[in-house]
Amino acid sequence: MSYDHKAIEAKWQGIWEADRTFYVHEDPSRPKFYNVCMYPYPSGAIHQGHVRNYTYGDLLTRYKTMNGFNVLSPMGWDSFGLNAENAAISSGVHPRINTEAHIATMRAQIKRLGSMYDWDRELASHDPTFYRWDQWLFLEMWKRGLAYKQEAPVNWCPKDQTVLANEQVIDGLCERCDTPVIHKNLAQWFFRITDYADRLLADIETLDHWPERVKTMQRNWIGRSEGARFTIEVDGGGSFEVFTTRPDTVFGMTFCVLAPEHPLVESLITASETELAAREYIAAANRVSEIERLAEGEKTGVFTGAYAINPVNRRKVPIYIADYVLMGYGTGAIMAVPGQDQRDWDFATKYGIDIIRTVQPPDDWDGEAYVGDGPTINSGFLDGLDMAAAKARIIDWMVENGIGEATINYRLRDWLISRQRYWGCPIPMVNCPDCGLVPVPEDQLPVLLPDIEDYLPKGRSPLAAVPEFVETTCPQCQGPAERETDTMDTFVDSSWYFFRYPDAGNDQAIFDPPKPAYWMPLDQYIGGIEHAILHLLYARFITKVLHDMGMASVEEPFSRLFTQGMITLDGAKMSKSKGNVVDPVELFASHGADALRLYHLFMGPPTDDAAWNENGVDGTRRFLERVWKIAGDEWEFIEREPDDRDRDLLGLAHRTVRKVTEDIDRFHFNTAVPALMVLSNEFSDYLGDEPIAATHREVLRLLLLLLAPMTPHIAHEMWEDNGFGGMLATQAWPSWDEELAREETVTLVIQVNGKVRDRLDVSADITAVQAEQLALESEKIQDWIDGQEVRRVIARPPNLVNVVVG
RNA sequence: GCCCGGGUGGCGGAAUUGGUAGACGCGAGGGGCUUAAACCCCCUUGGACCGGAAUCGGUCCGUGUGGGUUCGACCCCCACCCCGGGCACCA
């Protein structure tokens with residue numbers, strides 16, 4: 001009987017669904033395992049990145065189920081967002097229609113992969129039954145002072161009169177009309193994530209099963225730095241505050257720099273000799289993005305015409321405007337100490353500003369700015385102190401003189417959550433001319449997103465053009481009022497959706513706390529590395545807020561995080577826009593879901609980017625054909641007692657159980673698959689030469705159990721055909737017998753001066769003394785020693801002996 | 001520019017973390033099966049070279065580049081080159 005993957009895969013997908021094998025409920029008698037793949041954006045069709053993600057996720061669902069866990073693996077849709085809105089603008093079709101069609105298509109494709117979910121818990125962020133709880137959460141944030149409105153710059157296209165997302169700005173131009181984009185201030189909604197900066201930073205240390213690199217990125221993103229904040233007077237009146245991590249170097253301040261957006265700039269440049277140049281410079285800075293400003297190779301700036309007074313020595317120093325200082329970090333103004341900061345050094349050199357060293361560099365120092373520690377010099381009462389002592393002393397001085405104090409600064413900024421977009425969750429606030437900002441009462445939620453036909457923003461959110469939506473009454477005074485027309489960042493949806501799966505149908509509350517209390521935290525969260533910072537940080541933040549509200553039992557949502565690499569083809573990320581996609585749906589038909597899943601597991605380390613090989617699925621398909629033959633052929637068994645060949649094959653099978661188990665536990669799927677290939681190759685050889693039925697049956701049983709989470713359909717079919725009994729998906733994961741798995745002989749490598757010169761087969765329990773003796777007795781080794789003095793022998797039994805001569 | 005990763009055969013990768021570099025798969029070459037082709041099966045496959053001549057034996061080089069540490073380095077340290085992810089409105 002040939003391997004008909006279409007029939008087999010359809011059959012078992014039907015059985016698992018009918019049997020509700022992967023539909024679960026809270027069960028305190030069993031250990032739980034909450035397993036989530038980051039919910040996808042419904043782009044229209046699944047791509048190989050999804051297949052990779054869901055193959056890993058489903059492998060774990062099935063593996064943990066076989067290991068006795070109560071596994072919850074849900075699926076949902078991140079269905080609001082810019083792409084659907086852009087598609088609607090160009091097609092005129094409402095984003096809901098496209099989005100829901102995409103969800104239906106992708107759901108069917110995911111099911112075709114054989115990836116199993118508890119679909120009773122399916123959710124979609126564009127669904128009012130979901131986003132009303134976004135709005136509820138927003139109101140809770142507002143109540144707690146964690147939501148506020150403030151002016152902030154946006155990318156603005158003057159021709160289209162619209163706000164642009166960063167990705168819609170191409171080389172400083174609007175992607176639609178090529179008009180130069182400017183920055184414009186708009187009133188925006190923020191979540192006060194900076195209030196949680198310390199906790200978000202400290203609790204990274206509790207994330208023992210997160211990739212080190214993601215933790216490092218998050219630490220750096222939060223960017224806690226200790227330093228001082230102090231006031232600098234402007235010569236002729238006025239002052240500004242600066243933040244510095246190096247207050248000890250203040251005697252070396254030879255200029256100051258303000259960000260182009262700094263509020264003091266206007267008064268400093270007005271009527272100055274350099275006013276024109278300054279205005280031009282500010283306008284230019286306004287046109288480029290923050291990244292471009294920082295990427296600029298050479299530092300640029302312009303003199304304001306004004307001078308500041310160094311508070312410690314009353315020295316007059318010029319005040320510049322430069323775009324390497326950002327309004328969003330610290331105070332938007334710095335004291336510049338070129339002797340101790342390379343950016344300041346570059347700037348000072350370019351503009352001919354004095355450089356004064358305040359830290360003595362080492363004697364062999366030949367660099368420019370010296371940022372290291374050393375005795376303080378040229379600094380009056382700080383001279384001779386080291387960095388730490390000088391910092392403490394100068395901060396004391398600042399406090400005594402009432403000009404500054406020690407402070408902690410974060411690079412992290414508050415989370416801007418408002419979007420001037422249509423396809424998102426409406427922010428549930430009302431603007432009343434008398435009462436100001438008034439929250440929509442909870443019993444009036446959800447504020448429904450109205451259907452509209454024109455999605456093009458015209459200065460404000462498209463919702464602003466819908467009078468029936470905008471015009472309302474103030475919940476407080478009942479007078480006429482206007483609704484907020486901005487929608488929420490889709491990261492708001494994704495920062496709490498995993499709390500909703502445990503109680504997805506609840507129409508009375510965001511969730512009933514005991515339900516997520518059973519399932520949370522996630523035992524495994526799997527998604528792309530591109531989410532290492534923003535999504536994961538926002539989700540951690542909202543979890544902490546829910547915890548503080550008494551809603552969440554945990555402070556951290558994801559106890560184990562796995563970040564997968566991208567799929568590339570011809571050196572580029574596989575994506576529709578690049579036109580280099582390999583459609584998984586075609587491979588379901590030609591090779592089968594099992595062969596595709598196995599190729600994804602096999603193709604490389606899950607953490608790394610993986611290059612697609614168009615023949616790769618052929619290889620895993622061939623492997624499955626061989627296993628099919630092993631399981632299904634009418635073998636000529638003979639009757640005899642088990643001998644060495646049986647023991648060898650059984651030993652290999654037990655070593656394979658051990659290897660596959662260990663590899664799955666450490667997410668090394670790409671080495672688990674070859675172990676199965678080696679076993680099946682040896683198995684085939686064994687069957688070609690007087691096999692016995694008992695060995696065939698036992699090794700086949702183990703092989704199918706190991707294949708069950710990787711290639712579930714074919715494994716189930718073979719399990720059933722061979723009459724092993726019961727559903728494979730719910731069998732216990734096999735254990736291995738250490739005695740059977742033990743290898744009797746190993747290869748002892750003998751080196752002379754680190755180079756391999758001989759190999760011997762030895763007993764696996766050889767001692768160091770025996771290994772050394774064998775090595776020295778080897779004729780080849782004797783030839784290499786060739787009468788030289790043996791200085792040392794390093795023995796690492798049973799694998800290696802190194803003879804050091806000369 | 002800043003933060004974080006990564007560079008191993010023709011290709012994807014392995015080396016259980018300082019101890020046999022190249023498992024397994026793809027591709028390629030050769031052979032078998034076949035009227036023929038496909039499928040399938042068997043063999044070879046990092047490079048240069050030496051010996052022996054049926055396919056065995058051996059040497060040297062080799063993990064981005066250049067240094068270093070070590071009995072021993074793909075693995076640790078320093079410097080450099082190249083590629084990728086993120087940089088707050090793609091998600």
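Computed from a prediction, not measured in an experiment: that's the story for all the values here. Reminder, nothing fancy here: chain letters follow the sequence lines and each chain counts from 1.
Between A/Tyr599 and A/Trp612, the gap from one ring centroid to the other is short of 6.0 Å. Checked against the 6.0 Å centroid criterion, the rings of A/Phe130 and A/Trp496 qualify as a close aromatic pair. Ring centroids of A/Phe191 and A/Tyr538 are separated by 6.0 Å or more, keeping the two rings apart.
Minimum atom distance to the side chain of A/Arg626 is reached by B/rG25, of the listed B/rG25, B/rC4, B/rC71. Picking from B/rA15, B/rU20, B/rA88 the nucleotide with the shortest atom distance to the side chain of A/Thr671 gives B/rA15. Comparing B/rA91, B/rC26, B/rC89 against the side chain of A/Glu530 picks out B/rA91 as the nearest. The side chain of A/Trp221 sits closest to B/rA88 out of B/rG58, B/rA88, B/rU59. Nearest nucleotide to the side chain of A/Thr490, out of B/rC26, B/rC89, B/rA91: B/rA91. When the nucleotides B/rG25, B/rA91, B/rG85 are ranked by their closest atom to the side chain of A/His531, B/rA91 comes out on top. In this structure, the nucleotide among B/rU20, B/rC61, B/rC90 sitting nearest to the side chain of A/Arg759 is B/rU20. With B/rC24, B/rA88, B/rG19 as the candidates, the nucleotide lying closest to the side chain of A/Leu800 is B/rG19. Of all nucleotides listed (B/rC71, B/rU20, B/rU17), B/rU20 comes nearest to the side chain of A/Val749. Closest to the side chain of A/Asn220, from the set B/rA88, B/rC90, B/rC4, is B/rC4.
Between A/Asn670 and B/rG25, a side-chain N or O to OP1/OP2 separation shorter than 4.0 Å is absent. In this structure, A/Arg796 does not reach the B/rG19 phosphate: none of its side-chain N or O atoms is under 4.0 Å from OP1 or OP2.
In this structure, A/Gln751 atom CD and B/rG19 atom C1' are separated by 6 Å, rounded to whole Å. Note: CG (A/Asp685) to P (B/rC41) measures 11 Å, nearest angstrom. Remark: C1' of B/rC89 and CD of A/Gln420 are 9 Å apart, rounded to the nearest angstrom. Computed from coordinates, the A/Met566 CE to B/rG86 C1' distance equals 12 Å when rounded to whole Å. Rounded to whole Å, the distance from NE2 on A/His600 to C1' on B/rG12 is 13 Å.
Side-chain to base pairing of A/Asn802 with B/rC71: one donor and one acceptor N or O lie within less than 3.5 Å of each other.
In this structure B/rC2 sits in a base pair with B/rG86, meeting the Watson-Crick or G-U test at under 3.5 Å. Under the Watson-Crick or G-U wobble criterion, with both distances below 3.5 Å, B/rA36 has no partner in any strand shown. Across all strands shown, B/rG25 forms a Watson-Crick or G-U wobble pair, both distances under 3.5 Å, with B/rC11.
Mapping A/Asn155 and A/Arg792 onto RNA chain B by nearest heavy atom places A/Arg792 at the nucleotide closer to the 5' end. Comparing A/Gly81 and A/Val678 along RNA chain B, the residue whose closest nucleotide (by nearest heavy atom) sits nearer the 5' end is A/Val678.
For the pair A/Arg742 and A/Glu738, the salt-bridge criterion is not met [side-chain N within less than 4.0 Å of a carboxylate O].
Within the 4.0 angstrom heavy-atom criterion, no nucleotide atom of any strand lies near A/Phe623.
In this structure, A/Lys215 places its NZ atom where more than 12 heavy-atom neighbours from other residues, nucleotides or ligands lie under 6.0 Å away.
Glycosidic conformation, B/rG51: anti, with the torsion outside 90° of 0.
Using modelled atom types, one side-chain atom of A/Asn802 and one backbone atom of A/Gly754 make a donor-acceptor pair closer than 3.5 Å.
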